Amino acid sequence: MTDGEHTLKIVKDPTGKEGIKIVPFTVRNGPAITLEGLNDRDVIDGVLPIMINAYGKGNQKQFLIDGSETPKTIPSWIWAGLIIFFGWSVFYILTS
């Protein structure tokens, strides 16, 4: 099948009863491409650090752990949680 959006429409079951089931799906034969640091319709100014990863299926008879996952940066909510936790720890140590 060609890449892109497709729809599977099922009208009858094997016994001949009629019913409709529509299943939309996407075909992506090429490599999986991820982009981090830039989103749709972003307005940017100056230097922008971005990370682009494109992984194909490669040799499907052998699984390679190296480079099989898309690396991502640590989410900002984790950084905020760590700062709050360490701030509370310092406060607790100083007040006890």
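Everything numeric in this text was worked out from a predicted model, so none of it was measured. Residues: numbered from 1 along the sequence shown.
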Can you tell me if Tyr92 has over 12 outside heavy atoms packed within less than 6.0 Å of its OH?
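Open: at most 12 neighbouring heavy atoms sit under 6.0 Å from OH of Tyr92.
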Taking the side chain as C-beta and beyond, is there a heavy-atom pair between [X] and [Y] under 4.5 Å?
| X | Y | value |
| --- | --- | --- |
| Thr2 | Val27 | no |
| Ile22 | Thr7 | yes |
| His6 | Met1 | yes |
| Ile10 | Ile20 | no |
| Leu48 | Leu38 | yes |

Examine Ile52 and Ile44 and state if one hydrophobic cluster contains both, with Ile, Leu, Val, Met, Phe, Trp and Tyr joined whenever side-chain heavy atoms are less than 4.5 Å apart.
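Yes, it is one cluster - the side chains of Ile52 and Ile44 are joined through contacts under 4.5 Å.
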Following the transitive rule for hydrophobic clusters with a side-chain heavy-atom cut-off under 4.5 Å over Ile, Leu, Val, Met, Phe, Trp and Tyr, establish whether Met51 and Ile74 coincide in one cluster.
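Result: no, two separate clusters.
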Roughly how far, to the nearest 0.5 Å, is CG of Leu35 from CG of Asp40?
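That separation rounds to 9.0 Å.
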Result of checking Ile84, Val90, Leu82 against Phe86 for side-chain contact (heavy atoms from CB on, under 4.5 Å)
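Among Ile84, Val90, Leu82, the one that satisfies the side-chain contact (heavy atoms from CB on, under 4.5 Å) with Phe86 is Leu82.
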